[in-house]
Undergrad: 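Quick one: the structure is below, and I'll ask about it shortly.
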Amino acid sequence: MQLRIRRARVLDGGDMVDVHVEDGHVSAVERHSTDAPERLADLEIDAAGGLVRPPFVEPHIHLDATLTAGEPRWNASGTLWEGIAVWSERKPSVTREDVLARAEQVLRWQAAQGVLFVRSHCDVTDPELTALDALLELRERVRDVVTLQVVAFPQEGIVSFPRGAELLEEAIRRGADVVGAIPHFEDTREDGVRSLEIAVDIAQRHGCGIDAHCDEIDDEQSRFVEVLATLAMRTGLGERVTASHTTAMGSYNGAYAYKLQRLLMRSQINLVSNPMVNLALQGRFDDYPKRRGLTRVKEMLAAGVNVAFGSDDVMDPWFPLGTGSPMQLAHSGVLAAQMTGQEEIAETFEMVSTRAARVLGLGDGYGVQPGRPASLVVLPASSRMDAVRRQVAPQWVVAGGDLVAERTPSPVRLHWLGDEHAIDFVRDADAEEATWRDASIVARPGR
Ligand code: FE2
């Protein structure tokens, strides 16, 4: 199929371009010109000055637990710890069909919102590995639309859970893509360090990356990210290693944080912050003043560390809300990490797209450039900041040259002081320099 996307912008305020797609790949990105010779396409999309961007990337979600909020009971305290306890009560009723149905539902939500690359953690502290097998099956089933990476995640520990290390390695043998860990949950600090050594050993022997839940606690003494970064550096695993959450970093003293920042830079590891869930779960043991419970997002970005934002939970024992929307996530990140500068807001857009793509190691498989797979989103937004502010969903989503989702704008009819207005974020279709205007108001004659 041939596809052409006309009058799109790759960059905020950049020139309008036409993107040509042939046989599933981007064949050309040309400056838009009305004089350009007509090329025939099977499908033509008029972006009308909106953004064309590579798909959004979800670097951290738990699809095995998703859509189980309230089962078998609600998390009354709202703590991470009660969430783990509720999930361990739900686990015995996990079946293949149960996981497939819930996980695919959320992937559909995400695909509709332009998320075509997803890294999901999957609890492997289950002697049967039922959920893991289901997610590996789903990974193959959806691969033409969504690229799913599965992390073998030892929710209840590697050292502290019976046969934890064995189950983790068995999960990798069955086909999980990435090795997980949860050092701060292990019984002792030494067990935590040992658990990371085991994870690194498994990753090296199987040629996998690592994505560890690391220091997801308000305890300023929880310092496993330094262990993970050091192991990443010494083994050469480097950028294939990710420390997720690292919320304790929000409680470290300045002197230690400075030392750590230098280590993280040298190690090349990635950080994933989950702003909505971290804000909701952390600080629960604090009186006032109450900590925000986020890692040092701005400081680490400024130091050159790659930081991405993840959803973590969508309607599960840890977080009862969530829609899987990348723009809602970026918007929450702006608030949680206080990234309200103009460039900072634009950066939060990158944290749910290009920066998250680095976490997943997507390399040349990602990006709207000639020769790369034609997976992209067309956003009715004038800039990244505009997209984040209005939490815009893509009007078109394309995966490997095929149309995955299309959205019809639905204006609101406002009856306002005797006049009638159609309020929409509509395109200025007639202008050559078309743009998406926010809240373009079309006044109609009074009734
Ligand atoms: Fe998580």
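Values reported hereafter were calculated over all heavy atoms of this structure, with side chains retained and with hydrogens, waters and symmetry mates removed.
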Undergrad: Please step through side chain to side chain donor-acceptor pair (under 3.5 Å) for the pair Q105 and R108, ending with a clear verdict.
TA: CA-CA 5 Å; Q105 174 73 339; R108 281 195 292 256; 3.0 Å; yes

Undergrad: For the pair S160 (side chain) and D187 (backbone), establish whether a donor and an acceptor sit closer than 3.5 Å, ignoring hydrogens and angles.
TA: yes

Undergrad: For the residue pair H62 and H121, categorise the inter-ring angle as parallel (less than 30°), tilted (30 to 60°) or perpendicular (more than 60°).
TA: parallel

Undergrad: Just verifying a value: how many Å separate I217 CD1 and S251 OG, rounded to the nearest 0.5 Å?
TA: 10.0 Å

Undergrad: Is the backbone of Q338 close enough, under 3.5 Å, to the side chain of K298 for a donor and an acceptor to pair up by distance?
TA: yes

Undergrad: Pick out which of L329, V272, N274 makes a side chain to side chain contact (heavy atoms under 4.5 Å, CB included) with F309.
TA: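 With F309 as partner, L329, V272, N274 yield a single side chain to side chain contact (heavy atoms under 4.5 Å, CB included), made by L329.
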
Undergrad: State, yes or no, whether a side-chain contact exists between S273 and L294 at a heavy-atom distance under 4.5 Å.
TA: yes

Undergrad: Would you give the length of the straight line joining atom CG of D218 to atom CG of L80, rounded to the nearest 0.5 angstrom?
TA: 9.5 Å

Undergrad: Please check if the side chain of R234 supplies one atom and the backbone of A229 the other of a donor-acceptor pair under 3.5 Å.
TA: no

Undergrad: Do the numbers put R223 on top of the ring of Y256, so that NZ or CZ is under 6.0 Å from the six-membered ring centre and no more than 45° off the axis?
TA: yes

Undergrad: Whether the side chain of E344 engages the backbone of T340 through a donor-acceptor N/O pair (distance < 3.5 Å, no angle test) should be reported.
TA: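 Yes.
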
Undergrad: Show your reasoning for whether salt bridge (charged side-chain N to carboxylate O under 4.0 Å, His left out) applies to E82 and R73.
TA: CA-CA 11 Å; E82 186 172 345; R73 62 185 173 88; 2.8 Å; yes

Undergrad: So that I can tick it off, tell me whether R384 and E350 are bridged by a salt bridge, with the cut-off set at under 4.0 angstrom between side-chain N and carboxylate O.
TA: yes

Undergrad: Output the distance between atom CD (E186) and atom CG (D191), rounded to the nearest 0.5 Å.
TA: 6.0 Å

Undergrad: Counting C-beta onward and ignoring hydrogens, is there a side-chain heavy-atom pair between L51 and S383 closer than 4.5 Å?
TA: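 No, side chains not in contact.
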
Undergrad: Strictly under 6.0 Å, is that where the ring centroids of F349 and F56 end up?
TA: yes

Undergrad: For L63, does its backbone N or O pair with a side-chain atom of S120 as donor and acceptor, under 3.5 Å?
TA: yes

Undergrad: Does Y252 offer a backbone N or O that forms a donor-acceptor pair with the side chain of R296 under 3.5 Å?
TA: yes

Undergrad: Apply the side chain to side chain contact (heavy atoms under 4.5 Å, CB included) test between W396 and each candidate in V378, L379, V404; give the one that qualifies.
TA: V378

Undergrad: Run the numbers on R102 and E97 for salt bridge (charged side-chain N to carboxylate O under 4.0 Å, His left out), then give the verdict.
TA: CA-CA 9 Å; R102 291 184 287 99; E97 294 74 20; over 6 Å; no

Undergrad: So how far is it from E216 CD to F224 CZ, rounded to the nearest 0.5 Å?
TA: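 If we round to the nearest 0.5 Å, E216:CD and F224:CZ are 13.5 Å apart.
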
Undergrad: Distance from T246 atom OG1 to L271 atom CG, nearest 0.5 Å?
TA: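 It comes to 5.0 Å.
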
Undergrad: Keeping N253 on the side-chain end and A255 on the backbone end, is there a donor-acceptor pair under 3.5 Å?
TA: yes

Undergrad: Looking only at heavy atoms, what is the nearest atom pair of A212 and L196, with distance?
TA: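 So the minimum-distance heavy-atom pair works out to CB-CD2, 4.3 Å.
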
Undergrad: May I ask you to decide whether D316 forms a salt bridge with R90, counting only side-chain N to carboxylate O separations under 4.0 Å?
TA: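 Answer for the salt bridge query: no.
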
Undergrad: Are the side chains of P55 and F117 in contact, using a 4.5 Å heavy-atom criterion?
TA: yes

Undergrad: Would the distance check show the side chain of T295 and the main-chain N or O of V297 forming a donor-acceptor pair, the cut-off being under 3.5 Å?
TA: no

Undergrad: So, for S353 and R53, which heavy atoms are closest and what is the spacing to 0.1 Å?
TA: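 Scanning both residues, the minimum pair turns out to be OG-NH2, 4.2 Å.
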
Undergrad: Report the C-alpha distance between C208 and V178 in whole Å, list the side-chain angles of each, state the deciding distance to 0.1 Å, and finish with yes or no for side-chain contact (heavy atoms from CB on, under 4.5 Å).
TA: CA-CA 6 Å; C208 300; V178 181; 5.7 Å; no

Undergrad: So which atom in A243 and which in C214 form the shortest heavy-atom distance, rounded to 0.1 Å?
TA: CB-CB, 4.1 Å

Undergrad: Please name the pair of heavy atoms, one in V145 and one in A399, separated by the smallest distance, quoted to 0.1 Å.
TA: O-CB, 3.8 Å

Undergrad: Verify, without hydrogens or angle tests, whether R139 (side chain) and T147 (backbone) share a donor-acceptor contact under 3.5 angstrom.
TA: no

Undergrad: Is M300 close to M265 at the side-chain level, that is, under 4.5 Å between some pair of heavy atoms?
TA: no

Undergrad: Taking the side chain as every heavy atom from C-beta outward, state whether T323 and V314 have any pair of such atoms under 4.5 Å apart.
TA: no

Undergrad: Taking atom CG of L67 and atom CD of E104, what is their separation to the nearest 0.5 Å?
TA: 12.0 Å

Undergrad: Can you check whether R355's main-chain N or O pairs, donor with acceptor, with N306's side chain at less than 3.5 Å?
TA: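 Checked: pair present.
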
Undergrad: Might you work through the ring pair (Phe, Tyr, Trp, His ring centres under 6.0 Å) test for H60 and H245, ending with a clear yes or no?
TA: CA-CA 10 Å; H60 190 120; H245 294 287; 4.9 Å; yes

Undergrad: So I84 and Q155, side-chain contact (heavy atoms from CB on, under 4.5 Å) or not? Walk me through it.
TA: CA-CA 8 Å; I84 295 174; Q155 173 75 76; 3.5 Å; yes

Undergrad: With the threshold set at 4.0 Å, does a side-chain nitrogen-carboxylate oxygen contact exist between K91 and E156?
TA: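 Looking at K91 and E156, the cut-off is met.
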
Undergrad: Which heavy atom of W87 sits nearest a heavy atom of D64, and at what distance?
TA: CH2-O, 3.5 Å

Undergrad: Please determine whether side chain to side chain donor-acceptor pair (under 3.5 Å) holds for the pair Q110 and E58, giving the CA-CA distance in whole Å, both sets of side-chain angles, and the decisive distance to 0.1 Å.
TA: CA-CA 9 Å; Q110 293 210 289; E58 172 61 78; 3.2 Å; yes

Undergrad: Looking only at side-chain N and O atoms, does S222 offer a donor or acceptor that is under 3.5 Å from a partner on D215?
TA: yes

Undergrad: V99 and L135: which non-hydrogen atoms are nearest, and at how many Å?
TA: CG1-CD2, 3.9 Å

Undergrad: Answer whether the closest heavy-atom distance between the side chains of Q221 and R189 falls below 4.5 Å.
TA: no

Undergrad: Pair S77, T79 - check side chain to side chain donor-acceptor pair (under 3.5 Å), show working.
TA: CA-CA 5 Å; S77 68; T79 59; 2.9 Å; yes

Undergrad: If we check salt bridge (Lys or Arg N to Asp or Glu O under 4.0 Å) with R119, which of these qualifies: D312, D177, D211?
TA: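 So the option named by the test is D211.
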
Undergrad: Looking at E169 and R163, is there a salt bridge between them, counting it only when a charged N and a carboxylate O are closer than 4.0 Å?
TA: no

Undergrad: Could you tell me if the side chain of L376 sits less than 4.5 Å from the side chain of P54, heavy atoms only?
TA: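 When only atoms from C-beta onward are counted, L376 and P54 do not touch, as no gap falls below 4.5 Å.
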
Undergrad: Please determine whether side-chain contact (heavy atoms from CB on, under 4.5 Å) holds for the pair V94 and D126, giving the CA-CA distance in whole Å, both sets of side-chain angles, and the decisive distance to 0.1 Å.
TA: CA-CA 10 Å; V94 162; D126 160 23; 5.8 Å; no

Undergrad: Thinking salt bridges, do R358 and E239 make one under a 4.0 Å N-O criterion?
TA: no

Undergrad: So, D133 and R174, do they make that salt bridge, N to O below 4.0 Å?
TA: yes

Undergrad: Side chains of R173 and H206: closer than 4.5 Å at any heavy-atom pair?
TA: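 Heavy-atom side-chain distance check passes, below 4.5 Å.
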
Undergrad: Assess whether side-chain contact (heavy atoms from CB on, under 4.5 Å) is satisfied between V115 and W109, documenting all intermediate values.
TA: CA-CA 9 Å; V115 181; W109 290 354; over 6 Å; no

Undergrad: Is D364 paired with R372 through a side-chain N to carboxylate O contact shorter than 4.0 Å?
TA: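 Answer for the salt bridge query: yes.
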
